[in-house]
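Note that the coordinates shown come from a computational prediction; the quantities given were computed from them, not determined experimentally. Values below: every heavy atom of this structure, side chains too, minus hydrogens, waters and symmetry copies. Naming convention: chains lettered A, B, ... in sequence-line order (proteins, then strands); numbering from 1 in each chain.
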Amino acid sequence: MANLPKRIIKETQRLTEEPVPGINAVPHEDNLRYFDVSIHGPSQSPYEGGIFRLELFLPEDYPMCPPKIRFLTKIYHPNIDRLGRICLDVLKSNWSPALQIRTILLSIQALLGAPNPDDPLANDVAQKWKEDEKTAIETARQWTRTHAMS
Amino acid sequence: MGNTATKERSASPHGSRNRGESSSMSGRHQYDSRSRSRRDLGEATLFGLAGSSREHRERDREAERAAREARRQERERERQREKERSLREESVDGGFLVTHGVYTGPEDFKDKIVRQLIIERRLAPFFKGLRDHEDNWTDAQLYAAVKELPIPGPDAEPPKEEVPKLSEKSLSTDLLTVPLAPRSRSHSYTSDGSGPSSTCGNILGGRTRSKTLSISSPRNPTLPNTAGPQEINIPSRFVEGRPIEAVLYQNASECPICFLYYPPYINKTRCCDQEICSECFVQIKRADPHVPDSHDSNPNQEPSNSIADRLVSEPATCPFCKQPEFGVTYAPPPFRRGLVYASTVPDPASTTTLPTSDLSTPSGASPSSRTSPPLSPSGRRRFILPPTSPEVVTTDQIRPDWAQKLASARAHAARRAAAATALHTAAFLMSNPAPGSSSGGGGSSSGSYSRRLMRRARENSGNSGRTADESPSPNHSGSRTPQEGTARGPSLLALGMGSGRERERHSPDVSIEQNLINMGFISRRETSRERQHAHDVSGGNRERTHGRHRIADLEEMMLMEAIRLSLVEEEERKKREEEKKAKEAKEQQYKSSPLPGLTPAISSSSSSSTPHPPPPSAALTAESSSLSSPPEGKGKSPERPQPPPPVTLNSSPTSSSASSENTADEHRDIDANEPMWNFQSLAAMITNREGSVERDVNGGTEGVEVEVGKQGVQVSETETVEECKGKGKERDVEAGAA
């Protein structure tokens, strides 16, 4: 950790100095590349009111490769699988070194507000979402209540 | 020539070519000797004697790997040494020619190209990035920050230029020119845009740079290219009496990627005019060759099953605006310090008088007006520069080996696929006798099945060759066969054909299912002989089945060998082509400054090879999907976007049996005028088959391998088609050169 790139130091600083509303990211003391993240479910979505915990890790090549992010809180979402892995283009092939922790977390928050069942990661959820959106959304709301509101 | 490791690293085009040749030659030699021994061995195997050169091969590979690793490490060390030297001795406008280690990973860009681009003021030098910066810092504070000294108080005195007059004088008298004979001007290779593979050899060119500093100035300005560009060093680190660090970093700006502070003279993206430091720029590159994402798959593209065909390598996109073909421009500061190419100086004959008059005054009007910025450094550009624009440096330019990388990734995938085909067919060969039928019938019906598969494959290759209409011999993959085996071939073939026809009567679906069950065998590393042995014992009538299995085996091996040979040849051809291009480019360079007319020819031809045309082999695709046993439970794998979901035999036996019935009918029609199957040395193929099976079992799960295996046949076809196209391409290039 002695040689933490300036970029990571500055990003961390800026995250604490000017936090994004509804998003919180704090690095571990023993590993400054590892962050505890919490994201508030966006309003007018089935995740509203929930606080979702995630883990974020900045690999050695960061920012040339994307951070690794995973949901820790259970969530019912077509683009997030049972293990909490997220299907989001900017976390994979569309990553750009000009993106930052802040922007990527905002993207995830936006993904909660706009599920995309046509590019699913959790196939069963996406199926539900397509066939019977109302029930799916209701399930998502229920999961939010049981898992993300304690 | 280059015997020492350092020289080898410099890798003049000769060096690299020789290395390539020798490796390919030794490869062939190895192959020859191996096949010879294989022949002997194979005969032994035919008579049931066990023999294996497997261990030998294993050891060879091991040694090769170790040697490669050692070479790589040596290169790495050399690069490190060179870097340290450069940091000490060389600079350009207060920046450096090598990175400062903002990124810690291995550097895979071509440092020679980058060096040259920097000296030509086409790419910003590697300025030292400041971790902190205040706008109100004084010269002394700026100087300290750059030198990584503790920041002094605001009233500290900045270092004074020591006896400026003297330094100016020394400048003019022992102006240091470094003859750079073999190093080519980057202008000639960078301007040909996307013809990278042809040029990488050149830039590696002159490592034999003599370090003796001579005062010779180019007497004959008309021959700058043959003599190589001269580097002139302007060692002063002061601009108008102020330390260059203070001047540069006075209005430092932050690189939006590494968050370090740099002089305002850094690169701007060609598309959105964003700043990016050179340290970050050299990190941005194409992603490794990959199967395209489902998101951006082209709907017009015919779905092709072959992984090798689908591998793509997309040019890097701009990190800020995602514009493809990322490139940057550089607007240098108005003064010149450090290394300058002599030929960029307006009047090379009068170099001795130049520094005092021209270079020490901050006039932007002189030396390298060739790299004229699109606008003044302060003004924002409002338009997008095309990637081919001469002032743009793209990521591919500093990593010209991407085409080679893609080609080798494809070849690798194709090789794996071909080997997996062997595995796949082997699975069919070792079927159990079907319950209810005689042992001979059960075993051989599977043989006939695979025979049919082969024939289909060959028909297909013939068709695709013909439709592409450039192939002089449609059955190319099968027709190149050494002579040795033919004498023995026919009799065996006759036997095989006879029994093959007999087998047609049996309904194949039972045995197919049996085969699928038997797939489990593949994961075990038995030789097929051992397996057969087991089957035969259970099946009784040992002699007969044994013989038939052997024949079917031989047929498979022949197919495999044919595929393998065509792949090997294709690879060699590509290598040759690469060399040729490199040579041509080099010659051209020496003859004259770059021909603008050639540029599009090269770039278009090289880019046209990138999207592989999907092979017109729907028939085979259909058949292979009817055969396939898709791997279960693979979940979300990278192969996710495979468009035609293969039909599972287990789940829909009716459909598959119907389709195989069809093929059986077709087969009977065709059988009569079927051309004779070509024989490689039979013995050679036995061992080869063993080798290929063995090679691939290591590769991955059996399901995947089999899946891939079916595509192997197709791969070889496209390779053949491409081969023809490749020849056409070569002609194009030649025409362009002429």
Side-chain angles (χ1 to χ4, degrees), chain A residues 1-15 17-18 32-33 58-67 78-104 107 111 116-127, chain B residues 100-109 128-133 254-262 269 271-272 274-277 279-288 290-297 312-314 316-324 326 395 635-638 640-641:
Chain A
M1 278 308 109
N3 244 339
L4 204 64
K6 186 69 186 171
R7 153 128 187 187
I8 295 181
I9 296 172
K10 279 195 189 170
E11 268 201 71
T12 313
Q13 262 174 17
R14 288 173 198 182
L15 270 172
E17 278 166 16
E18 341 156 10
L32 294 171
R33 288 175 177 270
L58 304 175
E60 187 61 36
D61 299 348
Y62 180 82
M64 288 303 153
C65 70
N79 308 104
I80 300 162
D81 75 357
R82 236 178 307 170
L83 299 173
R85 292 176 301 185
I86 307 162
C87 180
L88 188 60
D89 59 346
V90 287
L91 282 177
K92 292 167 186 166
S93 54
N94 274 345
W95 167 255
S96 145
L99 293 169
Q100 301 177 20
I101 299 174
R102 174 196 300 268
T103 46
I104 214 76
S107 304
L111 184 71
N116 178 13
D118 292 322
D119 181 26
L121 189 58
N123 281 314
D124 47 337
V125 180
Q127 193 81 18
Chain B
H100 299 283
V102 173
Y103 297 96
T104 49
E107 292 180 351
D108 52 358
F109 58 89
K128 202 154 183 55
L130 302 189
R131 290 172 82 89
D132 296 293
H133 181 265
E254 191 185 45
C255 169
I257 290 180
C258 61
F259 288 11
L260 294 171
Y261 292 99
Y262 291 96
T269 61
C271 36
C272 50
Q274 283 276 348
E275 292 185 328
I276 179 171
C277 70
E279 203 105 13
C280 292
F281 173 71
V282 297
Q283 288 290 324
I284 291 170
K285 56 182 172 190
R286 288 168 176 254
D288 288 332
H290 60 284
V291 176
D293 230 9
S294 62
H295 302 283
D296 42 45
S297 65
V312 292
S313 170
E314 289 141 345
T317 57
C318 169
F320 306 104
C321 68
K322 286 281 156 198
Q323 185 94 14
F326 179 49
T395 53
K636 243 178 98 85
S637 72
R640 177 167 53 126

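- Not a single salt bridge (Lys or Arg N to Asp or Glu O under 4.0 Å) links A/R102 to another residue, sequence neighbours left out.
- By the 4.0 Å N-to-carboxylate-O rule, B/D132 lies too far from A/K10 to be salt-bridged with it.
- Proximity to chain A (any heavy atom under 4.5 Å) is restricted, for B/T104, to the side chain, taken from C-beta onward.
- No side-chain donor-acceptor contact under 3.5 Å links B/Q323 to the backbone of B/C272.
- In this structure A/D124 satisfies the salt bridge (Lys or Arg N to Asp or Glu O under 4.0 Å) test with no other residue, sequence neighbours excluded.
- Proximity to chain B (any heavy atom under 4.5 Å) is shown, for A/L99, by neither the backbone nor the side chain.
- Of the atoms belonging to B/Y261, it is side-chain heavy atoms, and not backbone ones, that fall under 4.5 Å from chain A.
- Under a cut-off of 6.0 angstrom, the local environment of CZ in A/R14 is crowded, with over 12 non-hydrogen atoms contributed by other residues, nucleotides or ligands.
- Only the side chain of B/K322 comes within contact range of chain A, with at least one heavy atom under 4.5 Å from a heavy atom of that chain.
- Of the residues considered (A/R7, A/Q100, A/E60, A/E11), A/R7 shows the highest number of contacts with chain B, using heavy-atom pairs under 4.5 Å.
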